[in-house]
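To start, the structure under review is shown below, and the notes come after it.
In what follows, every chain begins at residue 1, and chains take the letters A, B, ... in the order their sequences are listed.
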Amino acid sequence: MKPAITYELIHKCKQTGARRGVIHTPHGDIQTPVFMPVGTQATVKSMTPDELKNEIDAKIILANTYHLYLRPGEEVIKEAGGLHKFMNWDRAILTDSGGFQVFSLSGLRKITEDGVEFRSHLDGRRIVFTPESVMHTENILGSDIMMAFDECCPYPSTYDYTKKSMERTTRWAQRCKAAHERPEEQGLFGIIQGGFYKDLRERSARDLIKLDLPGYAIGGISVGEPKEEFLEMLNFTAPLMPEDKPRYLMGVGSPDYLIEATMAGIDMCDCVLPTRIARNGTAMTWNGKVVVRNATYEKDWGPLDPECDCYTCRNYSRAYIRHLVKCKEILGVRLLSIHNLYFLTKLMERVRMEIENDNLGNFRKEFYKKYGYDTKE
RNA sequence: GUGAGUAUAGCGUAGCUGGUUAACGCGCCAGUUUGUGGCACUGGAGACCCUGGGUUCGAAUCCCAGUACUCACC
């Protein structure tokens with residue numbers, strides 16, 4: 001049986017160890033490292049699939065099992081012929097399992113060995129997610145990469161709680177693998193947990209790797225901890241992951257975190273950040289963050305980012321975008337989303353090139369200086 | 001012209017049985033945002049309470065006059 005998802009390592013940066021590779025999926029190849037835009041409810045907020053392809057050239061996007069299970073529900077997506085057809089996206093899709101909602105909706109759920117009972121955030125009705133039910137839903141969604149059902153632990157959590165949670169997540173991953181109905185069409189990724197305890201991370205990785213899944217993710221970091229702790233866990237956990245499979249760091253999307261992740265040997269990241277800050281009037285640029293909502297841009301006739309050639313930057317001024325944002329016009333959100341997604345896509349394209357040239361370390365230094373980050377080694 | 005009413009932050013209003021830093025919404029200014037419970041959240045600036053006089057220990061609040069606006073009637 002040929003697995004749905006395979007990874008090909010092309011080059012390792014001699015300066016940093018970062019990986020340059022390709023992920024093969026049933027809906028196309030993905031050059032890595034890659035940033036994946038998030039489209040929780042089967043839409044990257046405010047973007048048409050056409051724009052994602054032609055303006056941004058995203059190769060893969062995320063969707064969310066919990067949200068789509070609630071609305072529109074499995075029946076609708078099944079009848080549509082799967083998520084790709086439903087949303088008119090013919091490139092790759094990765095579905096998150098609802099594990100993050102175990103964390104983000106912590107006030108609305110109860111965890112047992114069997115699974116998680118949520119109270120729907122929409123109408124309060126009781127719904128039960130088990131590893132088996134989540135696999136069933138993700139099979140119906142038909143994503144190229146399905147994430148195993150896990151628990152994303154809050155920060156901070158006690159050692160004892162984190163250990164129990166991690167062990168349960170591992171058992172759930174085993175159940176997910178057993179319940180997965182179409183391994184030849186959809187790849188199931190395991191999620192390494194273990195909070196901020198190295199021995200737990202090590203155990204989690206070791207036990208999940210035994211399942212021989214086609215890819216692995218680091219979950220449960222970037223949940224509000226200080227940056228040093230994030231880096232510590234990232235750099236400890238990434239090397240535990242298989243060399244011959246995609247390595248996915250979940251929930252990371254600021255430029256510095258993306259670069260640090262890449263240097264740690266991560267291949268895939270996703271984040272709501274670019275689209276979320278777009279909705280609140282902020283752009284990421286090669287010269288740092290630009291809160292275009294601010295008054296200083298009232299009569300700024302230049303583009304958001306002078307070094308960017310995205311649709312937004314080719315055609316619109318900061319003054320105009322600020323106007324749209326201040327008026328809460330939809331176009332403001334759209335133009336900023338296009339730019340931010342394009343920016344991160346281009347950043348990763350650049351990162352890939354620097355890896356090939358064994359120059360990522362130098363690039364990091366330069367980029368941080370320009371962007372306004374500390375370059376503490 | 002007569003009568004009645006209203007005048008409080010840029011705008012719309014609350015406070016008016018007199019009592020320490022005059023409240024709220026919008027707007028304005030800024031910060032946050034990292035597997036999306038979000039066009040969200042958190043802060044901040046901004047008012048000689050229309051003017052003048054009076055009563056009182058004390059007035060946005062009560063009284064008088066003026067001014068402006070609103071409505072009704074002639």
Side-chain angles (χ1 to χ4, degrees), chain A residues 35-46 60-68 70-71 93-109 118-124 134 138 143 145-155 169 189-193 215-227 230 234 248-261 266 268-284 289 291-298 322 324-337 340 344:
Chain A
F35 173 77
M36 308 182 286
V38 176
T40 303
Q41 314 209 61
T43 167
V44 176
K45 291 188 194 302
S46 88
I60 176 170
I61 60 175
L62 260 75
N64 183 284
T65 305
Y66 169 83
H67 290 277
L68 293 175
L70 288 181
R71 263 192 325 211
I93 296 176
L94 181 153
T95 43
D96 188 24
S97 59
F100 185 72
Q101 280 62 44
V102 179
F103 159 73
S104 65
L105 303 178
S106 61
L108 297 175
R109 93 300 190 259
F118 288 99
R119 245 176 48 224
S120 160
H121 71 279
L122 297 174
D123 58 12
V134 168
E138 293 194 85
S143 50
I145 296 172
M146 331 190 315
M147 300 310 295
F149 191 45
D150 69 327
E151 182 196 354
C152 175
C153 273
Y155 175 86
T169 286
F189 278 26
I191 304 174
I192 298 167
Q193 290 292 350
Y216 288 93
I218 302 175
I221 63 174
S222 195
V223 285
E225 73 282 0
K227 187 173 179 181
F230 164 81
L234 167 66
Y248 166 25
L249 173 61
M250 307 185 80
V252 157
S254 59
D256 56 335
Y257 275 37
L258 287 172
I259 291 173
E260 298 298 331
I266 293 294
M268 318 157 67
C269 291
D270 76 285
C271 197
V272 304
L273 193 65
T275 46
R276 177 176 288 174
I277 66 176
R279 269 175 277 132
N280 300 320
T282 302
M284 302 184 225
K289 199 162 82 170
V291 184
V292 74
R293 149 168 52 81
N294 285 359
T296 61
Y297 304 112
E298 188 183 15
R322 167 174 142 92
L324 295 175
V325 168
K326 296 295 286 184
C327 297
K328 297 182 164 53
E329 279 292 340
I330 298 164
L331 185 59
V333 173
R334 279 174 41 65
L335 294 177
L336 278 164
S337 295
N340 283 343
L344 288 185

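- When the C1' atom is used for both rG10(B) and rU20(B), the distance is 29 Å, rounded to whole Å.
- Of the possible polar contacts, none joining the Asn294(A) side chain to the Thr296(A) backbone as a donor-acceptor pair under 3.5 Å is found.
- Residue Val333(A) is classed as having no contact, given no heavy-atom separation below 4.0 Å to the nucleic acid.
- For Ser104(A) and rU36(B), a side-chain-to-base donor-acceptor distance below 3.5 Å is absent, hydrogens and geometry of angles not being considered.
- Using a 4.0 Å heavy-atom distance criterion, Arg322(A) is classed as a sugar-phosphate-only contact.
- Distances were taken from every side-chain heavy atom of Leu108(A) (C-beta onward) to each of rC29(B), rG37(B), rG35(B); the shortest belongs to rG37(B).
- Dashed line: the shortest gap from a side-chain N or O of Asn280(A) to OP1 or OP2 of rU33(B) is not under 4.0 Å.
- In this structure, a donor-acceptor pair under 3.5 Å is present between the side chains of Glu138(A) and Thr95(A).
- A donor-acceptor contact under 3.5 angstrom links the side-chain atoms of Thr282(A) to the base of rU33(B).
- For Arg293(A) and rU32(B), a side-chain-to-base donor-acceptor distance below 3.5 Å is present, hydrogens and geometry of angles not being considered.
- Side-chain N/O atoms of Arg276(A) and base N/O atoms of rU36(B) include a donor-acceptor pair closer than 3.5 Å.
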Dot-bracket, 5' to 3', for RNA chain B please: Watson-Crick or G-U pairs under 3.5 Å, [ ] where pairs cross earlier ones, | where the partner sits on another strand, dots elsewhere. ((((((((.[[[[.)...(...]]]].(((((.......))))).....[[[[[..)....]]]]]))))))).
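- Side-chain atoms of Asp150(A) and base atoms of rG35(B) include a donor and an acceptor less than 3.5 Å apart.
- Within the 4.0 angstrom heavy-atom criterion, no nucleotide atom of any strand lies near Gly332(A).
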